[in-house]
Amino acid sequence: MSDTINDTDKAYIAGIGMITSVGADTDMTAIGIAAEYSGYRISDYHTQEGQPVTMSNVPAELFSWVEADINPGNRYREQYDHIIKMAIVALREALSQQPLLQQSLAQQSPIPLVLALPEPRPGVKHIDPNMFIANLAAQDDLPLSRERVHRLYTGRAAGIQGLGIALRYLYEAGEDYVLLGGSDSYLHYPRLHDLSARQRLLAPGVVDGFAPGEGAGFLLLTRHPHHALNQNDQIIALHPPGISEEPGHLHDNSDQPYRGDGLDQAFKGALAGALADNHGNNIHTVYSSMNGEHYWAKECSVAILRNQAHLQEKITIAHPADCYGDLGAATGSVLMGLAAYHLLKEHPGPTRHLVYGAADGPLRAAVRVEKIPQNMS
């Protein structure tokens, strides 16, 4: 497949699946966020100063209910168990919304999966992706194979970045469906220790920390409008993403000033087709990966100010990490799923949202999510 995407290509959402600390599926998560329910709880983890860390984890009892054929391997731990089972739950929900696909699982050839994974950090070993993928492919009700997985190690930005790869699967490789998403959990002491050392965990005495969360989000995408989720003859299209880099990022190897230029350029890339489509300033809501740390607010403000021509005057900024915590590699797909969910439910309501994900490292990614009549796609 080539590295270019046709600006007119769209991925249509055929299924949405997610699980977070505020909901065991997409409906429950969306309702929980609308009700401003908080999944934040004091955890058993402590900072290096001995202070308890506030986290936002999926209730432990849910994991005992998940029926799955899992090979634990030699180093299986709680974090692995949660990441694998959350992914299975979200993938099953996304696939369940296509009854004909479900009926033909036995004959269904493996569907490509674009998988978002955490960003690498020195001294921190994340989940073994080979073991993770092998366990997903082992489920009889998931039409996946180890050989058809594309991995992206860019954390919060990976899900939206992966949309470009999904579009190439659909339009260049001719796939009918592709799965896109991620599953992540901070329940691993080395990962928390690294964040604690940098004073980034929400805990007493930390003035600018975030609540580590856990969750999974997957989208089933198609190039066929008649296969898309349909509400009142309206479907959801994802346009090609805008991708850029922020020189002044949070990783230790950056000594550049932080100006917010990366997210501004990602917005411009995602919105490039809006004026050409005569859509003007009609983005209703910006779905943001902001997690409560002050760092992220600057680039969001810069990007919004520099792209006002595409946004409604009274733009809404949605940052649901306030409810379910930081979802790491699951962030982008959950945010796209929530934006699509609300567009379909709010009839007639708004028709276009903008979603973005910002990594700790340089990558910034944004996408325009649009509700369109099925017969005009």
Side-chain angles (χ1 to χ4, degrees), residues 18-21 45 53 55-58 73 75-88 90-91 113-136 149-163 165 179-198 200-202 209-218 243 245-246 249-254 289-293 295-296 321 324-336 356-365:
M18 67 181 70
I19 177 172
T20 68
S21 64
Y45 288 85
V53 176
M55 300 182 70
S56 188
N57 297 321
V58 172
R75 298 184 179 180
Y76 201 69
R77 57 177 184 259
E78 182 182 35
Q79 183 201 34
Y80 280 26
D81 184 72
H82 287 200
I83 289 175
I84 293 168
K85 288 181 178 177
M86 290 187 301
I88 291 170
L91 284 163
L113 169 62
V114 182
L115 183 62
L117 292 163
E119 297 174 86
R121 282 289 300 170
V124 179
K125 290 185 177 181
H126 294 295
I127 186 170
D128 177 356
N130 294 318
M131 189 269 277
F132 181 21
I133 294 165
N135 274 292
L136 297 183
V149 180
H150 190 110
R151 312 171 190 186
L152 291 170
Y153 295 88
T154 48
R156 293 183 210 91
I160 300 170
Q161 178 192 18
L163 176 59
I165 298 163
L179 284 157
L180 167 66
S183 180
D184 204 355
S185 171
Y186 285 86
L187 287 174
H188 185 40
Y189 184 75
R191 190 174 188 182
L192 292 171
H193 180 83
D194 175 64
L195 291 164
S196 176
R198 292 182 285 148
R200 292 186 62 189
L201 295 177
L202 184 59
F210 72 90
E214 62 179 358
F218 286 89
I243 308 295
E245 292 191 350
E246 171 56 52
H249 56 81
L250 280 177
H251 275 181
D252 302 335
N253 59 352
S254 172
S289 61
M290 289 190 294
N291 62 9
E293 293 179 290
Y295 173 90
W296 309 107
Y324 54 49
D326 189 309
L327 299 184
T331 297
S333 49
V334 168
L335 289 175
M336 287 188 287
Y356 79 84
D360 278 4
L363 199 77
R364 302 294 186 262

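These figures come from a predicted structure and were not determined experimentally. We use all heavy atoms of the structure for the numbers below, so side chains are in, but hydrogens, waters and symmetry mates are not.
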**Message:** So I165 and L152, do their side chains get closer than 4.5 Å, heavy atoms only?
**Reply:** yes

**Request:** Can you see which heavy atom on A365 is nearest to which on A157, and at what distance?
**Result:** CB-O, 3.8 Å

**Item:** Between CG on residue L136 and CD1 on residue I83, distance to nearest 0.5 Å
**Value:** 11.0 Å

**Prompt:** How about Y45 and S196: do any of their side-chain heavy atoms sit closer than 4.5 Å?
**Reply:** no

**Request:** Tell me, with the steps shown, if L117 and H126 meet side-chain contact (heavy atoms from CB on, under 4.5 Å).
**Result:** CA-CA 9 Å; L117 292 163; H126 294 295; over 6 Å; no

**Message:** What verdict does the side-chain contact (heavy atoms from CB on, under 4.5 Å) test give for E214 and M55, after you've listed the backbone C-alpha separation in whole Å, the side-chain angles of each residue and the deciding distance to 0.1 Å?
**Reply:** CA-CA 9 Å; E214 62 179 358; M55 300 182 70; over 6 Å; no

**Message:** I need the L202 CG to D326 CG distance, nearest 0.5 Å.
**Reply:** 11.5 Å

**For the student: nearest non-hydrogen atoms of L195 and F210, plus distance** = CD1-CZ, 3.8 Å

**Request:** For residues V58 and H82, determine if any side-chain heavy atom of one lies less than 4.5 Å from a side-chain heavy atom of the other.
**Result:** no

**Prompt:** How many angstroms lie between atom OG of S289 and atom CD1 of I160, to the nearest 0.5 angstrom?
**Reply:** 7.5 Å

**Request:** Could you pull out the closest heavy-atom pair between G217 and S333, with the gap in Å?
**Result:** O-OG, 2.8 Å

**Prompt:** For the side chain of S185 and the backbone of Q79, is there at least one donor-acceptor N/O pair under 3.5 Å apart?
**Reply:** no

**Request:** Kindly indicate, with the supporting measurements, whether the criterion side-chain contact (heavy atoms from CB on, under 4.5 Å) is fulfilled by I84 and M131.
**Result:** CA-CA 9 Å; I84 293 168; M131 189 269 277; 3.7 Å; yes

**Asked** Backbone N or O of G213 within a donor-acceptor pair of the S56 side chain at under 3.5 Å?
**Response** no

**Message:** Under the criterion side-chain contact (heavy atoms from CB on, under 4.5 Å), I'd like the reasoning laid out for M336 against L180: C-alpha separation, chi angles, the key distance, then a yes or no.
**Reply:** CA-CA 11 Å; M336 287 188 287; L180 167 66; 3.9 Å; yes

**Asked** Which pair of non-hydrogen atoms, one from Y186 and one from L192, has the smallest distance, and what is that distance?
**Response** O-CG, 3.4 Å

**Item:** D128 and Y80: CA distance, side-chain angles, deciding distance, side chain to side chain donor-acceptor pair (under 3.5 Å) verdict
**Value:** CA-CA 9 Å; D128 177 356; Y80 280 26; 5.7 Å; no

**Message:** Between D184 and L327, is there a side-chain heavy-atom distance shorter than 4.5 Å?
**Reply:** no

**Message:** Can a donor-acceptor pair be found, under 3.5 Å and without considering hydrogens, that links the side chain of R364 to the backbone of A359?
**Reply:** yes

**Message:** With heavy-atom distances below 4.5 Å as the criterion, would you say the side chains of P212 and R191 are in contact?
**Reply:** no

**Message:** Is any side-chain heavy atom of N130 closer than 4.5 Å to one of R151?
**Reply:** yes

**Any side-chain heavy-atom pair of F218 and L115 under 4.5 Å** = yes

**Prompt:** Hey, is the main chain of G215 close enough, under 3.5 Å, to the side chain of T20 for a donor-acceptor pair?
**Reply:** no

**Item:** Minimum-distance pair of heavy atoms, taken over all atoms of G123 and P190
**Value:** O-CB, 4.3 Å

**Request:** Over all heavy atoms of both residues, which pair between A329 and P118 is shortest? Give the atoms and the distance, please.
**Result:** CB-N, 3.7 Å

**Item:** Sequence-distant partners of R198, side-chain hydrogen bond (donor to acceptor under 3.5 Å, both in side chains), two or more places apart
**Value:** D194

**Prompt:** Mind checking what makes side-chain contact (heavy atoms from CB on, under 4.5 Å) contact with D360, not counting sequence neighbours?
**Reply:** E119, R156, R200, L250, H251, W296

